[in-house]
Amino acid sequence: MITSFPLNRGMAALAVTAAALLAAQAPAHANTLEQVQQQKTLRVAIDLNAPPYGMKDASLKETGSDVETAQLLAKDLGVRLEIVPTTQANRIPFLLTNKADVVISSLTITPQRQEVVDFTIPYAAIQSVIAAPESEPISSMKDLAGKTVMTARGTTNDANVTKLAPAGTNIVRFENDATAMTAVTSGRGNIYSGAPAIIASLNKQLAASGKPPLVTKVVMATSMLGIGVAKNNPQLLEKMNELIRKTLKSGELNAIYKKYHGADLPAEVVAEGK
């Protein structure tokens with residue numbers, strides 16, 4: 001489903017908080033670390049329509065940097081991984097209604113989200129950028145006035161462009177990055193608010209269809225990615241932190257990140273493992 005409407009500052013960020021608060025009213029109790037270990041299963045919410053973080057390969061097998069991160073942490077925890085497919089907008093509600101034990105799904109650590117869930121230390125980082133063809137005369141956010149920008153609903157990229165774009169910007173929101181990318185490749189727009197890794201995946205699709213690639217025009221923000229854990233679940237939170245520190249120190253998380261993103265983890269993330 002595609003929805004298009006004019007700029008409304010703060011709408012995306014408020015929607016995240018409102019949805020999470022609504023979900024928090026549901027009569028659900030998060031599984032504790034002890035329950036996860038007893039059930040020998042870690043349920044991880046991952047958006048499989050957000051390449052290269054979460055996606056499916058040609059054989060429909062789950063893959064991506066968040067998928068491999070979840071696999072690594074479940075293995076170190078000594079339990080089976082159960083992937084709970086979700087969407088960008090439903091990541092936190094799935095956690096708060098106990099449909100998942102944790103969220104590992106390119107979830108940036110923001111003050112709004114910290115009001116309703118706890119976050120681990122960062123396991124990765126993500127930039128939020130505006131990308132467009134080289135020929136587009138965009139050098140700052142003010143140049144978006146009167147233009148149409150594609151993005152995935154409920155993401156940090158949605159929140160950033162909503163907050164920073166000038167009046168008159170038309171933001172077209174899609175249910176996930178995959179459908180937004182399809183809109184660009186089909187010619188419905190050529191300006192994208194997303195992460196560099198997503199832009200790289202989009203450029204592969206554009207090249208296949210003979211269209212010019214998108215380049216980064218504006219960096220809106222650099223954010224840390226954390227694992228989301230329901231509040232009042234300190235043992236599970238600390239165990240996730242322990243596993244992140246261990247795998248950062250061993251270099252395993254960096255190897256996963258570099259495999260899918262073509263670069264090493266930022267120094268400030270790697271430092272968490274020392």
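Side-chain atoms are counted along with the backbone in the values below, which use heavy atoms only and exclude waters and symmetry mates. Note that this is a predicted model, so its numbers are computed, not measured.
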Could you go step by step and tell me if Asn49 and Thr179 meet the side-chain contact (heavy atoms from CB on, under 4.5 Å) rule?
CA-CA 8 Å; Asn49 287 295; Thr179 53; over 6 Å; no
Checking Ile191 against Lys217 for the side-chain contact (heavy atoms from CB on, under 4.5 Å) test, could you report, in this order, the C-alpha distance in whole Å, the side-chain angles of both residues, the deciding distance, and whether it holds?
CA-CA 10 Å; Ile191 304 175; Lys217 295 288 189 173; over 6 Å; no
Does [Y] offer a backbone N or O that forms a donor-acceptor pair with the side chain of [X] under 3.5 Å?
| X | Y | answer |
| --- | --- | --- |
| Arg91 | Gln88 | yes |
| Asp101 | Arg43 | yes |
| Tyr257 | Ala125 | yes |
| Asn254 | Leu265 | yes |
| Thr155 | Thr151 | no |
| Thr169 | Ala165 | no |
| Asn31 | Gln35 | no |
| Ser193 | Asn157 | yes |
| Lys249 | Val270 | no |
| Asp143 | Ser140 | yes |

Going by atom types alone, do [X] and [Y] pair a side-chain donor with an acceptor below 3.5 Å?
| X | Y | result |
| --- | --- | --- |
| Tyr123 | Asn241 | no |
| Thr32 | Glu34 | no |
| Thr120 | Arg245 | no |
| Thr156 | Thr108 | yes |
| Glu68 | Tyr260 | yes |
| Asn170 | Thr148 | yes |
| Ser105 | Asp47 | no |
| Asn176 | Arg153 | no |

Looking only at heavy atoms, what is the nearest atom pair of [X] and [Y], with distance?
| X | Y | answer |
| --- | --- | --- |
| Ile130 | Val161 | CD1-CG2, 4.0 Å |
| Lys211 | Gly187 | CE-N, 4.4 Å |
| Asp57 | Thr63 | N-CG2, 4.0 Å |
| Ile138 | Leu144 | CD1-CD2, 3.9 Å |

Is there a chain of hydrophobic side chains (I, L, V, M, F, W, Y, each step under 4.5 Å between heavy atoms) that links Met141 to Val149?
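Yes; tracing contacts between hydrophobic side chains, which count when under 4.5 Å, links both residues.
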Side-chain heavy atoms nearer than 4.5 Å, only ILVMFWY residues, links allowed to pass through others: does that put Val215 and Val129 together?
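Looking at the clustering, Val129 is in a separate group from Val215.
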Do Met181 and Ser201 pass the side-chain contact (heavy atoms from CB on, under 4.5 Å) test, and can you show the C-alpha distance, the side-chain angles, and the key distance before you say yes or no?
CA-CA 9 Å; Met181 290 162 66; Ser201 295; 3.9 Å; yes
Salt bridge present between Asp158 and Arg173 (N-O < 4.0 angstrom)
yes
Salt-bridged, Arg80 to Glu82, with N to O below 4.0 Å?
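Yes, charged N to carboxylate O under 4.0 Å.
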Out of curiosity, Thr247 OG1 to Leu253 CG, how far, rounded to the nearest 0.5 Å?
3.5 Å
To the nearest 0.5 Å, how far apart are CG in Leu202 and CG in Asn190?
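Going from the CG atom of Leu202 to the CG atom of Asn190 covers 10.5 Å.
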